[in-house]
Structures are given as structure tokens and as C-alpha cells.
Amino acid sequence: MRTSSLRRLTLSGASALLIAFAATPAHAQLGGIVYDPSNYSQNVLTAARTLQQINNQIRSLQNEAEGLINDAKNLASLPFSSLAELQSQVRQTQQLLSNAQRIAYSVQSIDQAFAGRYRPDNLSASDKALVANARARWEDTVAAFEDALKVQAGVVGNIEGSRDVMDRLVGSSQSASGALQAAQAGNQLLALQARQLADLTALVAAQGRAQSLEAAQRAAAQDQAREQLRRFLAPGSGYRSTPAKMFHD
């Protein structure tokens with residue numbers, strides 16, 4: 001009887017405790033600390049959002065850093081420059097042209113040479129002067145061909161230098177870290193092509209000069225030959241015999 005009463009009392013107390021907990025609001029006090037589940041979940045949500053914002057800011061800073069690195073690469077200059085070497089080769093070709101013998105690459109020099117020994121109106125000169133002019137024209141032609149050969153040798157000598165420069169420029173272009181380096185490598189390749197065109201122009205000019213002087217020399221020689229033939233066939237006083245002495249008296 002007592003046991004059953006005690007059991008009923010225990011069940012009644014447990015029921016009362018459950019009712020008390022159910023009737024208690026969401027706030028709970030544990031060890032003097034008030035625990036609010038709704039406030040706790042709100043704080044957790046706020047912390048998660050703050051953490052997300054921090055992560056977004058970190059990613060934004062990383063993107064900005066990568067952009068700055070890429071900008072630095074794009075603005076980096078090419079470590080190799082072939083300008084000085086190309087300019088030196090152009091100056092060598094120019095020096096060969098400026099060392100042209102007898103008749104320079106100058107309108108004034110050409111006018112002086114042709115007025116002195118290539119004009120048909122000079123055929124009235126003496127036989128000695130005609131021979132001297134013919135020799136001078138031949139020397140002009142030989143010197144022009146010699147100059148052309150020197151220019152050809154200089155252009156051929158530049159081929160090896162062009163190959164070295166081209167190899168280095170292509171290698172620098174392929175390993176370029178940014179847009180500026182690639183553009184600079186491309187510009188230097190264009191400069192190499194311009195120097196090769198300058199060599200070709202010099203070669204054509206030297207060869208054309210030699211051929212022109214040779215043609216002028218042939219034309220002047222034909223005029224001189226006609227004049228000398230005319231002088232030989234010109235009527236004169238005829239042959240007159242003169243006494244000859246074979247032995248001294």
C-alpha cells in the first residue's frame with residue numbers, strides 16, 4: 001500500500017515537473033546564465049553571414065592582387081634589345097655605299113662625271129684626250145663593279161647576324177610574360193625586316209649603278225669609235241714620201 005502510494009507520488013511529481021517545463025517560456029536559466037535559443041540561432045546566423053562577407057572580401061583582395069600581378073607582367077619590358085646591333089649593321093652598309101669610288105651616289109657627282117667624259121659633245125677633243133676619257137670611263141665601270149661586290153659581301157655578312165637576332169627575338173617572344181614584352185619582340189622583328197630591306201635596297205642600288213656605268217661606257221665608246229673612224233677617213237693631203245737615210249755619212 002505504501003509502495004503504491006509512493007509510486008503515485010513520484011508520478012505526480014514528474015508530471016508536475018513536465019508541466020512546469022512546458023509552461024516555462026523559451027528563456028532558461030542555467031547556472032545564472034540566461035539561455036535564449038532564438039537569440040542563439042540569430043547570433044549563429046549573424047556570425048555565418050559575417051564569415052561569408054569576410055570570405056568574399058578575401059576573394060576580392062585575391063582577385064585584385066592577381067590583377068596587379070598581371071598588370072605588372074604586362075608592363076614589364078623585354079630584357080633583350082637588338083636595336084643597337086641592327087643600327088650597327090645598317091651603318092656598315094651605309095659606310096660601304098658612302099665609300100663608292102670615283103662616282104659617288106650624288107646627283108652633283110654624276111653630273112660632273114658625265115659632263116667631263118661621257119657627253120658626245122666632247123668628241124671634238126684631241127686624240128690624246130679621247131684616249132684618256134676612254135680609260136677614265138673604263139676605270140669608272142671597274143670601280144663600280146668592285147663597289148657592288150663589296151656591298152654584296154657586306155649584305156651576306158649580315159645574314160649570320162640576322163639569324164642570331166631572329167632566334168633571340170623569337171625565343172623572347174615565345175617566353176614573353178606580358179603583352180608589352182610580346183609587343184616589343186614583335187617591333188624588333190619588324191626592325192629586323194626593315195634592316196634586311198635596307199640591305200636589299202643597297203644591293204640593288206650598287207648593282208644598278210655598276211650596270212648603268214657599264215652601259216654608259218659602251219655608249220660613249222661607240223660614239224668615240226665613230227669619231228675616230230671619221231678622223232681616220234677624213235680627206236687630207238695624202239701620202240708624201242720623204243728621203244730616208246739608212247747609214248750615217
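The model shown is predicted, which means the values in this text are computed figures rather than measured ones.
Taking 4.5 Å as the limit, some side-chain heavy atom of D164 sits within range of a side-chain heavy atom of E160. When side chains are defined from C-beta on, V165 does not count as touching Q188, because their heavy atoms never get closer than 4.5 Å. At a threshold of 4.5 Å between non-hydrogen side-chain atoms, the residues L203 and Q207 do not count as touching.
Atom CD1 of I159 and atom CE of M166 lie 11.0 Å apart (nearest 0.5 Å). Remark: R226 CZ to Q228 CD distance equals 12.0 Å, nearest 0.5 Å. Between the CD atom in Q196 and the CG atom in L200 there is a gap of 9.5 Å [rounded to 0.5 Å]. The structure places CZ of R102 at 9.5 Å from OG1 of T141, a figure rounded to the nearest 0.5 Å. Atom CD of residue Q152 and atom CZ of residue F145 lie 10.0 Å apart, to the nearest 0.5 angstrom. Taken from CG in L149 to CD in E146, the straight-line distance is 8.0 Å, to the nearest 0.5 Å.
Side chain of S109 to main chain of A104: a donor-acceptor pair is present (N/O by atom type, distance under 3.5 Å, no hydrogens or angles). Side chain of S98 to backbone of Q94: a donor-acceptor contact under 3.5 angstrom is found. Although no hydrogens or angles enter the test, the distance criterion places a donor-acceptor pair under 3.5 Å between the side chain of Q224 and the main chain of L130.
Among residues two or more places apart in sequence or in another chain, the salt bridge (Lys or Arg N to Asp or Glu O under 4.0 Å) test is passed with R168 by E85.
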Applying side chain to side chain contact (heavy atoms under 4.5 Å, CB included), run through L83 and Q87 and close with a yes or a no.
CA-CA 6 Å; L83 181 60; Q87 288 178 338; 3.7 Å; yes
Could you give me the CA-CA distance, side-chain angles and deciding distance for T46 and R49, then say whether side chain to side chain contact (heavy atoms under 4.5 Å, CB included) is met?
CA-CA 5 Å; T46 301; R49 290 175 178 174; 5.8 Å; no
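A cation-pi arrangement is absent between R119 and F114, since the terminal nitrogen or guanidinium carbon is not both under 6.0 Å from the aromatic centre and inside a 45° cone about the axis.
Side-chain atoms of Y118 and N133 form no donor-acceptor pair, as typed in the model, at a separation below 3.5 Å. A side-chain donor-acceptor contact under 3.5 Å links S162 and R195. R117 and Q217 form no side-chain donor-acceptor contact under 3.5 Å, judged by distance and modelled atom types alone. Under 3.5 Å, the side chains of Q101 and D147 contain a donor-acceptor pair of N or O atoms.
Here V131 is tied to no hydrophobic group at all, with no ILVMFWY side chain closer than 4.5 Å.
In terms of heavy-atom proximity, A113 sits nearest to I103 at CB-CD1, 3.6 Å. Residues R231 and S126 share a closest heavy-atom pair of NH1-C, 3.8 Å. Between A148 and A210, the shortest heavy-atom contact is CB-CB, 4.4 Å.
Hydrophobic clustering (ILVMFWY, side-chain heavy atoms < 4.5 Å, transitive): V155 and V90 are in distinct clusters. Following chains of ILVMFWY side-chain contacts shorter than 4.5 Å, one cannot reach L213 starting from V142, and the two form parts of different hydrophobic clusters. Residues Y105 and L96 are members of one and the same hydrophobic cluster, defined by side-chain heavy-atom contacts under 4.5 angstrom among Ile, Leu, Val, Met, Phe, Trp and Tyr.
Around the CD atom of Q108, the shell of radius 6.0 Å holds no more than 12 heavy atoms that belong to other residues, nucleotides or ligands. Dense packing is recorded around CZ of R59, with more than 12 heavy atoms of other residues, nucleotides or ligands lying under 6.0 Å away.
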